[in-house]
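Heads up: the structure comes next, in structure tokens.
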Amino acid sequence: MELPSFCLRLFLLIICLAFLLFFLVGKGREGGWVPNSDRSHNKTTILLWHWPFGPRYNLEGDRSLYPSADLVVFHHRELMTSQERLPLHLHRPRHQKWVWLSLESPDNSRYLEPFNNTFNWTMSYRRDADITIPYGKLLPKDYDTDIIPKNKSILACWVVSHYEPQHRRSLVYKSLQRSIPVEVYGRLRGSVLASSDLLPTISSCYFYLSFENSISKDYITEKLWRNAYQAGAVPVVLGPPPDDYIAVAPPNSFIHIEDFPSTKELGNYLRQLQLDKERYAGYFAWRHSYQVKVYTDWRERLCSICPKYQSLSLHLTRAHRVWSKVVH
Ligand SMILES: *[C@@H]1O[C@H](CO)[C@@H](O)[C@H](O)[C@H]1NC(C)=O
Ligand SMILES: *[C@@H]1O[C@H](CO)[C@@H](O)[C@H](O)[C@H]1NC(C)=O
Ligand SMILES: *[C@@H]1O[C@H](CO)[C@@H](O)[C@H](O)[C@H]1NC(C)=O
Ligand SMILES: *[C@@H]1O[C@H](CO)[C@@H](O)[C@H](O)[C@H]1NC(C)=O
């Protein structure tokens with residue numbers, strides 16, 4: 001096939017004009033940034049060495065920009081599978097930063113040891129990454145809309161594409177299902193939802209089981225941001241501890257399984273909440289002032305480097321500290 005090989009040769013170059021910096025300086029932070037004399041133009045060149053999970057976008061630039069790139073970004077998955085390699089045979093310009101990129105949990109990021117002391121920055125969903133790229137976030141909203149979908153008929157539902165009986169989430173599901181009915185969609189039940197049916201279906205549920213497949217610090221995915229919040233069902237979350245959710249999610253917007261001594265009590269709580277209209281509506285109060293933004297485009301994620309670039313560059317090399325943020 002011609003297409004894949006063609007696409008594999010597409011590399012991304014993003015030139016972010018550092019207008020943000022200009023903006024900051026204009027606000028009286030003069031002297032906060034010392035322009036690099038050998039780069040009189042205010043732009044940052046980010047070279048994505050290979051596409052995450054295969055090619056998807058058509059953008060300008062290629063690997064020949066390596067010598068002049070300010071940053072080179074490497075997505076871990078392809079390094080892990082040896083589909084791609086680091087350009088260790090090329091001279092690494094002194095000012096150039098290498099960025100380790102991944103949105104996978106540590107459970108799904110094997111083969112890290114060979115890259116110890118290699119990268120300068122990490123880029124991941126974690127709040128302590130050098131560049132944090134969450135799966136979603138809140139944005140203020142300037143108009144008010146109906147905040148609770150009117151279409152609700154199902155108490156609790158779960159969409160699961162990758163069911164493993166030994167996963168913590170499967171055990172919790174099995175136990176919860178003994179106290180309340182749970183509607184399951186996905187391969188497990190042979191009822192795979194078309195992507196266009198996903199959100200309308202979830203919106204017909206009072207509660208959505210937003211259960212992550214790995215339990216790791218800050219690992220909160222589109223299961224919360226898109227499936228639950230965008231659809232308009234109250235998420236019952238299983239993942240990192242409550243504090244990790246509290247740090248990023250709207251207040252009083254989710255139910256964490258760790259806040260219940262047993263799934264039986266969780267089930268009772270959900271039943272009561274379903275009947276108590278006012279209290280249930282309280283879980284949607286945030287939707288009067290916020291909307292959810294979900295990230296799906298790698299280009300947009302890469303552009304979030306730019307606002308952080310200058311301040312990060314002021315730090316000394318800290319490649320030795322990089323790994324502790326990835327491994328644990
Ligand atoms: C670069 O930024 C500085 C201030 O940060 C500004 O004075 C200068 O005009 C900018 N140069 C260009 C080419 O945009
Ligand atoms: C990375 O290397 C440092 C020493 O340079 C060592 O202390 C650390 O244990 C290594 N980390 C891993 C995950 O191999
Ligand atoms: C109501 O829910 C059903 C699924 O139960 C869905 O097919 C339908 O599109 C929903 N209607 C609206 C208006 O969201
Ligand atoms: C980036 O990390 C490497 C490996 O630790 C180091 O040799 C290099 O000096 C660092 N580069 C910058 C620009 O900080």
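As the structure lists them, so they are numbered: ligands from 1, and atoms in each ligand from 1. Please read these numbers as outputs of a predicted model, since none were measured by experiment.
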One thing to verify: whether K293 and E300 come together as a salt bridge, which I'm taking to mean a side-chain N less than 4.0 angstrom from a carboxylate O. yes
May I ask you to list the atoms of ligand 4 that are less than 4.0 angstrom from any heavy atom of N117? 4 (C), 5 (O)
I need the atoms of ligand 4 closer than 4.0 Å to a non-hydrogen atom of K97, numbered in the order shown. 12 (C), 13 (C), 14 (O)
Which ligand 4 atoms, with their elements, are less than 4.0 angstrom from a heavy-atom of R94? 13 (C)
H76 vs F115 aromatic rings, parallel, tilted or perpendicular, using cut-offs 30° and 60°? perpendicular
Keeping to residues at least two apart or across chains, list the disulfide (SG to SG under 2.5 Å) pairs with something in residues 103-219. C157-C205
F284 side chain reached by V234 side chain, heavy atoms, under 4.5 Å: yes
Just to be sure I read this right, does ligand 4 sit under 4.0 Å from the backbone of R92, its side chain, both, or neither, counting only heavy atoms? side chain
Would you check whether N120 has a nitrogen or oxygen atom less than 3.5 angstrom from a nitrogen or oxygen atom of ligand 4? yes
Scan for disulfide (SG to SG under 2.5 Å) pairs involving residues 66-115, sequence neighbours excluded, and state none if there are none. none
